[in-house]
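These notes are about the structure you will find just below.
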Amino acid sequence: QAAFATMITTVDAAITDTIAKDNLQTNLSGQRDISRIALRERLRQFRAALKAQVPGARYKVSVPNLPQNSSATYVFLKAFDDMSTLWTAVNANVPAVVGFTPPLLLAGQYPVATFNTDLATLRTTFGDWEAAIQNAEQSRAIRDDLFAQAQQRMLQYQSGVVQFLPTGHPLLSTIPVLSPLPGSTPPAPNLSGSWNSGTSLGNLVWLHPDVSVVDHWEVRYHPGPVYKASEEQAVPGGNIAVGTMNFATAYGLAAVGSIAWFKVYAMTSTGNEKGSNAVKIVRA
């Protein structure tokens, strides 16, 4: 019993560690989205500045395209690296372009040196975000292994109680239930979601065939690209009374192009649950 109490403490610590690492991953995802949108805007300004200040010059063949908000990390970084290289060449102005006086500056007198600093920060953020993904995966693996160990001990306890206590003993009724009883799992909600540009929030709305069996709802999040229940996170404020069947949130949607996946779970008073379909919301 003392060893099991220690195991409970270890499991609690593993759950807390996983939550912390999931939160860090989400926060870094937001920082990544905010930073890359800012640099994407600088690339748009850079492309416009070249057309305005050095029209018809040789540089136009080397101008990088604007990456899509959903582009992979290497696509973003390559476009910005190409921009930095080209901007440096434009400022060198060799051989000179007639009518152009370097350095080329963007809106707000923004120079290439500041861009390079911002790009280095973005590259670090991308690296920290990818490391956070790995750390969260490892933390979940440790947590799930501890879950399996604890469940094995509980199964042993369950069998031991039945073995040693006589029929009719009152403690037999206190054996923990380790899985939902047949027929006790509620039906799944039917979820839909969309981005609301007016409120800058993602709107979730759901239906349920029998709210009488539901105690409350829980909204959960996954960063994608595919929703995995084993990696989902509770959304702040997402524990909702049964009488409400909608929810608005910006969780995981920090900047234009941010992508977040959501599910809503129907929860019973006994702790049984059933998740809805997963919906993807893209911040516009």
Side-chain angles (χ1 to χ4, degrees), residues 14-30 32-33 69-70 129 132-133 135-137 139-141 143-144 147-148 151 178-197 199-255 257-284:
I15 293 172
T16 300
D17 183 69
T18 299
I19 292 172
K21 286 183 168 60
D22 281 342
N23 288 339
L24 177 60
Q25 177 185 337
T26 301
N27 291 338
L28 286 171
S29 176
R32 173 208 62 191
D33 290 348
N69 291 325
S70 58
W129 167 66
I133 293 174
N135 290 336
E137 288 179 352
S139 181
R140 281 190 292 270
R143 177 203 62 188
D144 293 346
F147 281 168
Q151 184 182 47
L178 302 182
S179 59
L181 297 175
S184 63
T185 301
N190 183 16
L191 178 64
S192 60
S194 61
W195 176 253
N196 187 327
S197 297
T199 61
S200 294
L201 295 170
N203 287 345
L204 299 173
V205 180
W206 59 94
L207 301 173
H208 194 270
D210 185 9
V211 294
S212 67
V213 302
V214 180
D215 180 73
H216 65 280
W217 315 102
E218 287 188 6
V219 181
R220 300 178 191 172
Y221 155 87
H222 189 275
V226 177
Y227 196 103
K228 297 180 181 179
S230 61
E231 299 176 359
E232 64 190 6
Q233 305 171 34
V235 175
N239 191 310
I240 302 169
V242 69
T244 301
M245 300 179 72
N246 60 80
F247 184 69
T249 182
Y251 195 72
L253 297 165
S258 291
I259 297 173
W261 289 80
F262 298 95
K263 279 188 177 184
V264 170
Y265 281 75
M267 308 294 296
T268 69
S269 58
T270 58
N272 293 337
E273 63 180 40
K274 186 67 174 181
S276 70
N277 54 301
V279 299
K280 180 175 75 171
I281 295 181
V282 181
R283 179 164 183 162

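Starting from 1, each residue takes its place in the sequence as its number.
Remark: side-chain polar atoms of Trp217 are paired, donor with acceptor, to backbone N or O of Thr244 under 3.5 angstrom. Side-chain atoms of Asn277 do not come within 3.5 Å of backbone N or O of Asn190 as any donor-acceptor pair. Not one N or O on the side chain of Ser258 forms a donor-acceptor pair closer than 3.5 Å with the backbone of Arg283. Within the 3.5 Å criterion, the main-chain N or O of Val205 finds a donor-acceptor partner in the side chain of Ser192.
Salt bridge annotation for Glu273-Lys263: absent, with no cationic side-chain nitrogen under 4.0 angstrom from a carboxylate oxygen.
Note that the CD1 atom of Ile281 and the CG atom of Asn196 stand 10.0 Å from one another [nearest 0.5 Å]. Separation of atoms CD (Glu137) and CG (Asp22) is listed at 10.0 Å; rounding is to 0.5 Å. Distance check: Leu201 CG to Phe247 CZ gives 9.0 Å after rounding to the nearest 0.5 Å.
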**Request:** Walk me through it: do Leu204 and Val219 pass the test side-chain contact (heavy atoms from CB on, under 4.5 Å)?
**Result:** CA-CA 9 Å; Leu204 299 173; Val219 181; 3.8 Å; yes

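Put simply, the side chain of Asp210 does not reach to within 4.5 Å of the side chain of Pro186, judged on heavy atoms.
A side-chain contact (heavy atoms from CB on, under 4.5 Å) with Lys21 holds for exactly one of Thr18, Asn23, Asp17; it is Asp17.
Under the 30°/60° scheme for interplanar angles, the aromatic rings of His222 and Tyr227 are found to be tilted.
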